[in-house]
Structure formats: C-alpha cells, structure tokens
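The block underneath contains the structure these notes are about, expressed in structure tokens.
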Amino acid sequence: MTVSRREALALSAGAVAVLAFGSAGPAFAKNDSDDLIKAFTGGKTPTKGKVRLDLPDIAENGNTVPLAFSVESPMTDASHVTDVLIVADGNPRAGVATFHFSPRSGVAEAATRIRLAETQNVIAVAKMNDGSLFMDTRQVKVTIGGCGG
C-alpha cells in the first residue's frame, strides 16, 4: 500500500486513523467543514453527547495542538463506534482525521496533535454501528498561527 506525502496511516488504541494533512482530494476541498460533516453523517444531524473532546482552551502554538477524544460505548458486537470524524472549521482544509474502530478496539478513544490556522471550532462526530450519530465541539483560541502563520 502506498501512502502519499499528505496522508498517513496511524494505529492508536486499536483504531486506524487516516490523517488528511491538507489533502487535495475532493473530500477535502477548501472551506468544507459543513460538506465533510454532511457526507460523513449522510445528511443526518448528530446529537450532542457521548463524545468528549479534550483540547486546550488556548493554544499558544497552532502548529502543535494536543487533541484527545473518547466516545461512551460498550464496544461490543451489538453496540460500538465505527468511525469518528475530526474537523477544524477555520483551517484552509477542514478535514483533520477520520478514526476507524471495531469491537476489537476495546475503547473508542485516541490522542494526537493537530495544526490549527487560527481561533476556531474543532468538531468530533462519532458514528455508531446502528447508524446513530453523536458529536462534541470545542473552540480553541490560537495565539500563534499554525497552518499559515
């Protein structure tokens, strides 16, 4: 399998993450946070809850902002998280990462570092195996530019 310079595969806590570092593909067009979420959810509106985003309120350096998330789920065959989409609505390209889970993951959580171009909302949307959708949003104030600063 070939991974492009702008994409990376990462294994974390039994999850597979596809990081989209500014990928030029059609799924990551400029100013596309709403489109990405709509495509991920099939147009359905996610419910607030079950997802917990952990980000700093203020990021002194937008080049390396710690992000962690967890989703409340028993992670059994009958009830588990299948995917989590992370978007940053102020970045030139909103798509940050998509994490894929299975019951064998044991937990639906991951941690990484992301780049934020400016003060903005970071949104996590979780898809469950029954099709239900949950989300959390956190605003991060960036004091030094990340993507372009």
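Fair warning: this is a prediction, and the values are worked out from it, not measured in the lab. By convention here, the first residue in the shown sequence is residue 1.
- Between the side chain of S105 and the backbone N or O of A108 there is no donor-acceptor pair closer than 3.5 Å.
- Here the side chains of V122 and V87 are not in contact, with every heavy-atom distance at 4.5 Å or above.
- Checking side-chain atoms of T98 against main-chain N and O of L85 turns up no donor-acceptor pair under 3.5 Å.
- In plain terms, the two heavy atoms of N129 and A78 that are nearest each other are ND2-O, 3.2 Å.
- The distance from atom CD of E118 to atom OG1 of T143, rounded to the nearest 0.5 Å, is 13.5 Å.
- Annotation for Q139: atom CD counts as buried by contact number, over 12 foreign heavy atoms lying within 6.0 Å.
- Cluster membership check: L133 does not share its hydrophobic cluster with L53, using side-chain heavy-atom separations under 4.5 Å among Ile, Leu, Val, Met, Phe, Trp and Tyr.
- Among N121, D54, D57, the single residue meeting the side chain to side chain donor-acceptor pair (under 3.5 Å) criterion with R138 is D57.
- Listed for the D32 side chain is a donor-acceptor partner under 3.5 Å among the backbone atoms of A94.
- A distance-only check finds a donor-acceptor pair linking the side chain of K127 to the backbone of F40 [under 3.5 Å].
- Between the side chain of T47 and the backbone N or O of M135, no donor-acceptor pair lies under 3.5 Å.
- Within the 3.5 Å criterion, the main-chain N or O of G90 finds a donor-acceptor partner in the side chain of Q120.
- Although no hydrogens or angles enter the test, the distance criterion places no donor-acceptor pair under 3.5 Å between the side chain of S33 and the main chain of D89.
- Of the possible donor and acceptor atoms, none in the side chain of D77 sits under 3.5 Å from a partner among the backbone N and O of P103.
- Each of V140, N91, V65 was scored for a side chain to side chain contact (heavy atoms under 4.5 Å, CB included) with I114, with one residue passing: V65.
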